Engineer: 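This is the structure I want to talk about, given as structure tokens.
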Amino acid sequence: MGTELRRLRNYIDGEFRDAADGRTTEVVNPATGEVYATAPLSAAADVDAAMAAAEAAFPAWRDATPGTRQTAVLKIADAIERRAGELLAAECENTGKPLELTRQEELPMMLDQIRFFAGAARMLEGKSAGEYMEGMTSFVRREPVGVCAQVAPWNYPMMMAVWKFAPALAAGNTVVLKPSDTTPASTVLLAEIIGGVLKELDLPAGIFNVVCGDRDTGRLMVEHRVPAMASITGSVRAGMEVAGSAAKDVKRVHLELGGKAPCVVFEDADIPAAVEGIRDGGFFNAGQDCTAATRVLVHESVHDEFVAALTKAAAEVKTGDLGDEDCFYGPLNNPTHLEKVTGFIERLPDHAKVETGGHRVGDRGYFFAPTVVSGLRQDDEIVQNEVFGPVITVQRFTDEAEAVRYANDVEYALASSVWTKDHARAMRMSRALDFGCVWINTHIPLVAEMPHGGFKKSGYGKDLSAYGLEDYTRVKHVMTAL
């Protein structure tokens, strides 16, 4: 007999439920390529139920004091920390990520981010009252938006769930959250943990709901009459569809989409430090990160030295499954994505050179070798489009102006980095680079206090920071006659 599959379920109004019509999807561990669970394939009836629960719970949660919301969110963080082992196991089976790396790099950040938003819940305030018209006093109320329909991606299922629900709940909104259909396990467990905290505090169960499903499920959520806001982290294509659907009834939209981060390495850079930082920033999480250091621009005078050093460093990077403590990253998420990443390499132009990697690793799971490609031109497909895999491209530039032109000449504008010892140059580049984040002599660190979000086709709205919290609020002007 085969091993019985785990049965994941929706979490609606404090109860675990199957899809109303009984449909399910299979969930695959990408490290093995084997099915380990089933999850609901939710349809209109399930979305209706979740939205009704969130709508009914909203008035009580909206009217709760900031202190009450802070207490609840802090207790959620504490409960997650107590059950960290279960969450890590679910996340690593979800994604195939190395267990110890996820324990060290993701869980502490998640807890810190939740606790940050718990504190920020008590800092929301409007403009101070004043008389801006004779005989009238004005003040500003900052209020929660309402029910939020949220769609999380598969690259960081657990952490991106936090980026969605933590600011929304802290600001006083209620949530219907859909995880990716390939990675629902850790989000369903989060629902159990959060539901337990709400019950302990005698708060409405409908404050937080999880609906599993596919792209059509997400579309039903965004188009539903109840949500006042739709938030998605995903591809540009998905973001454009969400924005179009939300436009039909003028919903607020929060989009965190793709990236094609340039790393500009000048001739005076600390080359060993740049190689190490770009290698780690490019291959972390198998490059499945919208801020990944994917596109390196190197001054021509140090280009060959840099390529040789990066190639050597990349070849030493190890990929492997969740139990391998020595590996730096795990598999790609699914076979379709493996095919996509492989396709970029297969379609490389003749002038490109694969310095290392460029191939699948093993025949079990969806592992791909750390890859460096040089000899590229600005209009090459792999330079212009997001690969979302462990692939770093390298181009050469002649001067600062050309570096800026190449860096900005893509449709994405999320993150970037500059590597130089010249402070004035770093400041000029930070102004000239058209990206939501510019790192200087580092790449990829994030902190809860600072905003994360891009421009152009990377979307709009901010995650993390007080700006992220404000995105989940609305501003009301109140004027009274004296």
Side-chain angles (χ1 to χ4, degrees), residues 5 8 23-42 91-97 151-158 160-161 178-187 212-219 232-242 256-260 282-290 292 294 319-322 329-348 354 357-371 373 381-382 384-393 411-412 457:
L5 297 181
L8 305 175
R23 292 190 302 160
T24 62
T25 59
E26 293 182 335
V27 186
V28 174
N29 182 333
T32 65
E34 296 173 355
V35 177
Y36 74 90
T38 63
L41 180 54
S42 300
E91 183 74 344
C92 291
E93 197 167 28
N94 247 346
T95 61
K97 295 180 184 183
V151 179
W154 49 251
N155 58 334
Y156 295 99
M158 194 163 58
M160 293 300 98
K178 190 192 87 66
S180 168
D181 56 340
T182 65
T183 55
S186 55
T187 307
C212 299
D214 60 8
R215 187 183 304 171
D216 291 334
T217 311
R219 185 177 297 110
I232 178 175
T233 298
S235 68
V236 172
R237 174 199 51 76
M240 292 171 71
E241 288 182 4
V242 166
E256 201 277 279
L257 310 176
K260 194 69 181 174
F283 296 138
F284 187 80
N285 201 37
Q288 297 171 127
D289 189 312
C290 48
T294 59
T319 180
D321 63 24
L322 62 90
Y329 67 85
L332 298 176
N333 179 258
N334 58 74
T336 301
H337 191 55
L338 174 62
E339 184 179 343
K340 174 191 171 187
V341 173
T342 303
F344 274 102
I345 303 302
E346 292 174 344
R347 295 189 301 272
L348 283 172
V354 177
H359 56 82
R360 182 178 182 176
V361 176
D363 55 8
R364 182 173 181 266
Y366 314 126
F367 298 91
F368 200 84
T371 301
V373 183
E381 175 198 29
I382 200 169
Q384 289 294 320
N385 296 327
E386 186 174 36
V387 178
F388 218 60
V391 178
I392 298 176
T393 66
E411 293 184 327
Y412 304 93
K457 285 191 176 179

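This one's a predicted model, so the numbers in the text were calculated from it and none came from an experiment.
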Engineer: Going by salt bridge (Lys or Arg N to Asp or Glu O under 4.0 Å), name the residues that satisfy it together with Arg364, two or more places apart in sequence or in a different chain.
Structural biologist: none
Engineer: Do any N or O atoms from the side chain of Arg360 and from the backbone of Glu339 form a donor-acceptor pair under 3.5 angstrom?
Structural biologist: no
Engineer: Could you walk me through whether Val341 and Leu332 satisfy the side-chain contact (heavy atoms from CB on, under 4.5 Å) test, starting with their C-alpha distance in whole Å, then the side-chain angles of each, then the deciding distance to 0.1 Å, before giving a yes or no?
Structural biologist: CA-CA 9 Å; Val341 173; Leu332 298 176; 3.9 Å; yes
Engineer: With rounding to the nearest 0.5 angstrom, report the NZ to CD distance, Lys97 to Gln288.
Structural biologist: 8.0 Å
Engineer: Using a cut-off of 6.0 Å, state whether more than 12 heavy atoms not belonging to Arg215 lie near its atom CZ.
Structural biologist: no
Engineer: Nearest 0.5 angstrom please: Thr342 OG1 to Tyr366 OH, how far?
Structural biologist: 12.5 Å
Engineer: What's the shortest heavy-atom distance between Lys178 and Gly213, and which atoms?
Structural biologist: NZ-O, 3.0 Å
Engineer: Do you know the tightest heavy-atom contact between Asn155 and Asn285?
Structural biologist: O-ND2, 3.1 Å
Engineer: Please enumerate all residues that pass side-chain hydrogen bond (donor to acceptor under 3.5 Å, both in side chains) together with Thr393, with sequence neighbours excluded.
Structural biologist: none
Engineer: On a heavy-atom basis, which atom in Gly330 and which in Ala286 lie closest, and how many Å separate them?
Structural biologist: O-CB, 3.7 Å
Engineer: Taking only residues two or more places apart in sequence or in another chain, which ones pass side-chain hydrogen bond (donor to acceptor under 3.5 Å, both in side chains) with Glu91?
Structural biologist: Asn94, Ser186
Engineer: Checking Asp214 now: which residues fulfil side chain to side chain contact (heavy atoms under 4.5 Å, CB included) with it, not counting sequence neighbours?
Structural biologist: Leu41, Asp181, Asp216, Thr217
Engineer: Residues two or more places apart in sequence or in another chain: which of them pass side-chain hydrogen bond (donor to acceptor under 3.5 Å, both in side chains) with Ser42?
Structural biologist: Asn10
Engineer: So, taking the atom named CE in Met240 and the one named CZ in Arg237, what distance separates them when rounded to the nearest 0.5 Å?
Structural biologist: 10.5 Å
Engineer: Drop me the distance from Cys290's SG to Met160's CE, to the nearest 0.5 angstrom.
Structural biologist: 7.5 Å
Engineer: Donor-acceptor pairs under 3.5 angstrom involving side-chain atoms of residues 23-30: please list them, not counting sequence neighbours.
Structural biologist:
residue	atom	partner	partner atom	Å
Arg23	NE	Asp21	OD2	3.0
Asn29	OD1	Ala31	N	2.8

Engineer: Which pair of heavy atoms, one from Pro40 and one from Leu8, lies closest together, and at what distance?
Structural biologist: CD-O, 3.2 Å
Engineer: Which pair of heavy atoms, one from Cys212 and one from Pro184, lies closest together, and at what distance?
Structural biologist: SG-CB, 4.1 Å
Engineer: Any idea how Phe284 and Tyr156 line up, ring-wise: parallel (<30°), tilted (30 to 60°), or perpendicular (>60°)?
Structural biologist: parallel
Engineer: First locate atom OG1 of Thr183, then atom CE of Met158, and finally report the distance between them rounded to the nearest 0.5 Å.
Structural biologist: 11.0 Å
Engineer: Between the main-chain N or O of Ala369 and the side-chain N or O of Thr319, is there a donor-acceptor pair closer than 3.5 Å?
Structural biologist: no
Engineer: Does atom CD of Glu381 have more than 12 heavy-atom neighbours, drawn from other residues, nucleotides or ligands, at distances under 6.0 Å?
Structural biologist: yes
Engineer: Taking all atoms of both residues into account, what is the closest heavy-atom pair of Tyr36 and Ala185, and its distance?
Structural biologist: OH-CB, 3.6 Å
Engineer: Is there a donor-acceptor pair under 3.5 Å between the side chain of Thr371 and the backbone N or O of Gly358?
Structural biologist: yes
Engineer: Taking the side chain as every heavy atom from C-beta outward, state whether Val151 and Val242 have any atom pair closer than 4.5 Å.
Structural biologist: no
Engineer: Do Val236 and Tyr412 pass the side-chain contact (heavy atoms from CB on, under 4.5 Å) test, and can you show the C-alpha distance, the side-chain angles, and the key distance before you say yes or no?
Structural biologist: CA-CA 9 Å; Val236 172; Tyr412 304 93; 3.6 Å; yes
Engineer: Out of Asn333, Thr95, Asn334, Thr336, which one pairs with Thr182 under the side chain to side chain donor-acceptor pair (under 3.5 Å) rule?
Structural biologist: Asn333
Engineer: Working to the nearest 0.5 Å, report the span between CG of Leu5 and CD of Glu34.
Structural biologist: 11.0 Å
Engineer: Could you check whether any side-chain N or O of Glu386 sits under 3.5 Å from a backbone N or O of Lys260, counting only pairs where one atom can act as donor and the other as acceptor?
Structural biologist: no
Engineer: Does the side-chain contact (heavy atoms from CB on, under 4.5 Å) test come out yes or no for Phe344 and Val373, once each step is laid out?
Structural biologist: CA-CA 11 Å; Phe344 274 102; Val373 183; over 6 Å; no
Engineer: Taking the side chain as C-beta and beyond, is there a heavy-atom pair between Ile382 and Val391 under 4.5 Å?
Structural biologist: yes
